[in-house]
Amino acid sequence: MVAEVNELSREEIAQAVAGYSFEVKREEKKETLPELSNVGREVVMRFAPNPSGPLHLGHARAAVLNDAYVKRYGGKLILRLEDTDPARVYPPAYEMIQEDLRWLGVEVHDVVIQSSRLEIYYEHARKLIEQGHAYVCECSAEEFQRLKLDRQECEHRGKSIRENMADFERMFTEYKEGEAVLRLKTGVDLRDPAMRDFPIMRISETPHPRVNARVYPLMNFSVAVDDHLLGITHVLRGKDHIVNTRKQEFIYRFFGWEMPEFIHYGRLKIEGVALSTSKIKEGIEAGRYTGWDDASLGTLRALARRGFRSEAIRRAMLEVGIKQSDISFSWKNLFAYNRELLEPIANRYFFVASPVEVEIHGMPEFSRDVRLHPDYPERGSRTLVLKPERGVGSVFIAKSDYEKLREGSFVRLMEGFNIEILEKGREKARARFHSLELDEAKRRRAKLIHWVPAQDRVAVEVIKPEGRDEGYGEAALKKVKRDDVVQFERYGFARIDRAGKGVVAYYAHP
RNA sequence: GCUCCGGUAGUGUAGCCCGGCCAAUCAUGCCGGCCUUUCGAGCCGGCGACUCGGGUUCGAAUCCCGACCGGAGCACCA
């Protein structure tokens, strides 16, 4: 039976199988994420980035995990853009973030922008003042910190509700930036100094790109108000927010609201790429990066440009999960997931980095069709041609291969023929044609190296995260299109960024 | 310093809540074999971990205590 099936060609198998339907193994199927607790009602979750730049790998975790849970429970995901610090708003980010989410396959049901909700925060702040839970404080940050660490109340704490109401209105008109904040009256003798009378509203005179305002809620306030008003049932976020969750608990208590479920995941250490949006922005302005999709960045658009599929990133993030312990993100694992997706679609080509010429004497006419993909003959083939002049043919090989050659070395040019090195110079080698048969190469355990005929080649530049490789590609590369993902044999996967006479490819991984 | 978390193979992860079925799962990685005109894929096999020390218990990766290590927070950022 097995032998019988093995006799069949790929197409025959495809035909035989076409009649059956298979349950597609989706990522959620072997998902290891734990169940959420308290999922009686509809699950509503949110992804709440700061619009300071496009999304990066760190964001992907929160986005994918929220999305996965919402999909599992048939709930709703709200994208909330937290732009209450005008100094940190990068206007194009509002759109970029949504593009990135679409690319990631994250389904957003609703978009909320905090700067459009300032009135709501003001109203809630007034309520807190009326209830005696908040006061306007004129201490400088340093002054207050000193008192706080000393468990001392400041002189403003004892003001009447009427005074506080009046002073709050003065925040909109009279006080300058830094002169007053609204503080929540949590207590100055709380065990954790971070909890003591923390501020919930402040003044910023930095112009906001979307609204004309000067009083803004601080994160803990707007987050609590929004999470409640938007009906968020489960909050998934990094453990750097654990303290914020406890701060927000005060707000829920003062309003008599029910807390959502909070889940805090640990830090994800990602090596080798720049992630901080502010640093990236600086770098772009300084010309150190070509843009938000510079190959050395960890932004989603940079990964996309290099040929990463969003499914691979999703899988990596689901694998990482929501544990509270810190973890090191492994590029190798991501590479493996991505390779699995790319391998069947990437056609094979030869590309020699830092080319060195090898002159082959006694070379007969050579031409051979080679499959674009070894497993899919139906995709067609490319042709490797070497036309010798007076018995001398010329090819390029990669410098890394060239360095391993010695005089007398016997190597096989892949998909081609066997040669023997006669003379190895600094910039060029002389070799002689030996034979055509692969068996001969196998018998001698010859190294197989890729190559490009000198007479028919295309200039290729490969942009890598850590630099660039320049070299030649085989002539068939003239026909690749932008966005094709190819496999340069013995080199790695890359996405074609510019097609045509001069190919530019962005390197993904081996 | 104060407050609060966490520690399963190189990496990630399951198991821990409700102790025995765990001489610990899966993936990735690495090594070897088969196959293959490379790399990769595929198939087969292998390597590799419960941070340490006490305690509870017939029995502990799982519960308790301590140590060690790692992390977060102590902003008028999010």
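Letters go in sequence order (proteins before strands), and every chain restarts at 1. Small disclaimer: the values here were computed from a predicted structure and weren't measured. Just the heavy atoms: all of them, side chains too, but no hydrogens, waters or symmetry mates, feed the values below.
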First encountered from the 5' end of RNA chain B, between A:Glu82 and A:Lys148: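 In this pair, the answer is A:Lys148.
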With rounding to the closest Å, how many angstrom separate the [atom1] atoms on [N] and [M]?
N: B:G40; M: B:U51; atom1: C1'; value: 38 Å
N: B:C26; M: B:G32; atom1: C1'; value: 22 Å
N: B:U13; M: B:G59; atom1: P; value: 32 Å
N: B:U28; M: B:C65; atom1: P; value: 39 Å
N: B:C17; M: B:C63; atom1: C1'; value: 11 Å

So, is [X] near the phosphate of [N], with a side-chain N or O under 4.0 Å from OP1 or OP2?
X: A:Arg237; N: B:A72; result: no
X: A:Gln145; N: B:C74; result: no
X: A:Arg267; N: B:A72; result: yes
X: A:Arg202; N: B:A75; result: no
X: A:Thr84; N: B:C77; result: no
X: A:Lys239; N: B:G73; result: no

Base orientation of B:A72, syn vs anti, 90° cut from 0: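 This nucleotide is in anti.
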A:Arg490 and A:His450: side chain donor to acceptor below 3.5 Å: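 There is such a pair between these side chains.
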For B:C68, the Watson-Crick or wobble counterpart (both distances under 3.5 Å):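 Across any shown strand, B:C68 pairs with B:G7.
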Centroid separation A:Phe417 to A:Phe433 less than 6.0 Å: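 Close enough - the centres of the two rings lie under 6.0 Å apart.
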A:Tyr349 and A:Phe488 aromatic centres sub-6.0 Å: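 Between A:Phe488 and A:Tyr349, which both carry aromatic rings, the centre distance is not below 6.0 Å.
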Heavy-atom donor-acceptor pair, A:Gln324 side-chain to B:G6 base, under 3.5 Å: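 Between B:G6 and A:Gln324, which were checked side chain against base, a qualifying N/O pair under 3.5 Å is absent.
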No-H, no-angle donor-acceptor pair, A:Asn333 side chain to B:G10 base, under 3.5 Å: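 For A:Asn333, whose side chain was compared with the base of B:G10, there is no donor-acceptor pair (under 3.5 Å).
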NZ/A:Lys159: more than 12 non-hydrogen atoms of other groups inside 6.0 Å: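 It does: A:Lys159 NZ has more than 12 such atoms within range.
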Within 6.0 angstrom of A:Glu271 CD, more than 12 heavy atoms from elsewhere: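 No - once you tally the heavy atoms of other residues, nucleotides and ligands closer than 6.0 Å, there are 12 at most.
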Among B:A27, B:U11, B:U28, the nucleotide that comes nearest once only the side chain of A:Ala336 is considered: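 My answer, after comparing the listed nucleotides, is B:U28.
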Separation of B:U36 C1' from A:Arg412 CZ (nearest whole Å):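 Going from A:Arg412 (CZ) to B:U36 (C1'), I get 13 Å.
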Distance, rounded to the nearest Å, where A:Leu190 contributes CG and B:C4 contributes C1':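 In whole Å, B:C4 C1' and A:Leu190 CG are 14 Å from each other.
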